[in-house]
Amino acid sequence: DAKTTQPPSMDCAEGRAANLPCNHSTISGNEYVYWYRQIHSQGPQYIIHGLKNNETNEMASLIITEDRKSSTLILPHATLRDTAVYYCIVRRYAGNNRKLIWGLGTSLAVNP
Amino acid sequence: ETGVTQTPRHLVMGMTNKKSLKCEQHLGHNAMYWYKQSAKKPLELMFVYSLEERVENNSVPSRFSPECPNSSHLFLHLHTLQPEDSALYLCASSQDLVGIETQYFGPGTRLLVL
């Protein structure tokens, strides 16, 4: 599974869009990009995933570049409750490896 | 509320104690996982169960002993732990191993070993 690189921390003003980048330059054609977040003192929470098309759900949008070497998670109107560590994971769907490769993620602070 | 509950939420134990962590999922999932999260380190997968059978054991010391009596319950039995075992222990579940990418996590048990 490809390795990902994320900035260690970011700040965002409440009500503004939070754009969280992730680099995965070694991604393979059959690997998906998954995003999770972990609010302090809670377990990680699945947010969204995608292969090559942009995806949107009630929580966020995922923009994947055309060459698929990077992606951006967008929280369109960040709130204080979005303060969390955000993890970007790349993995082949239904791959034989039973591990998700977790990095240290990006610690997002949403400020009032 | 993710549908995965863990008890206790906090635990302090001495190195000679025996304790157990409990996880229960109400999602009808077939796969369950134990993770360890130490400060400033990535999540570490400890054990994977599928349909009550252990399918993964990632070189975890024998002082950690998992048990999966049915597909809804998962335990982690602890004995003679070391201070470096202090961490957040997370339980997760997924529909099955094919859906491992979409896991649902419990809130974790914060363990302190003195």
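Reminder, nothing fancy here: chain letters follow the sequence lines and each chain counts from 1. Keep in mind that what you see is a predicted model, and the values were worked out from it rather than measured.
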- Item | Check: A:Gln6 side chain, A:Cys88 main-chain N or O, donor-acceptor pair, under 3.5 Å | yes
- Item | Note, A:Ile101 side chain near A:Arg91 side chain (heavy atom, < 4.5 Å) | no
- Item | Nearest-0.5 Å distance, SG of residue A:Cys12 to CG of residue A:Leu75 | 7.5 Å
- Are B:Ser20 and B:His77 close enough that a side-chain donor and a side-chain acceptor fall under 3.5 Å? yes
- Query: Given the rule in the side chain to side chain contact (heavy atoms under 4.5 Å, CB included) test, do B:Val48 and B:Leu97 qualify, once you have shown the distances and angles that lead to the verdict?
  - Reply: CA-CA 9 Å; B:Val48 179; B:Leu97 292 182; 3.7 Å; yes
- So, the part of B:Leu90 with a heavy atom under 4.5 Å from chain A: the answer is side chain
- Item | A:Tyr87 and A:Thr4: CA distance, side-chain angles, deciding distance, side-chain hydrogen bond (donor to acceptor under 3.5 Å, both in side chains) verdict | CA-CA 9 Å; A:Tyr87 299 97; A:Thr4 63; over 6 Å; no
- Task: Under 4.5 Å heavy-atom distance to chain A, tell me which part of B:Gln37 shows up: side chain, backbone, both or neither.
- Result: side chain
- Expected contact set for residues 39-68 of chain A against chain B at heavy-atom separation under 4.5 Å reads A:Ser41, A:Gln42, A:Gly43, A:Pro44, A:Tyr46
- Qualifying residues under salt bridge (charged side-chain N to carboxylate O under 4.0 Å, His left out), relative to B:Arg54, sequence neighbours excluded: none
- Message: Heavy-atom pairs under 4.5 Å with chain A - which of B:Gly106, B:Cys91, B:Pro42, B:Ala31 has more of them than the others?
- Response: B:Pro42
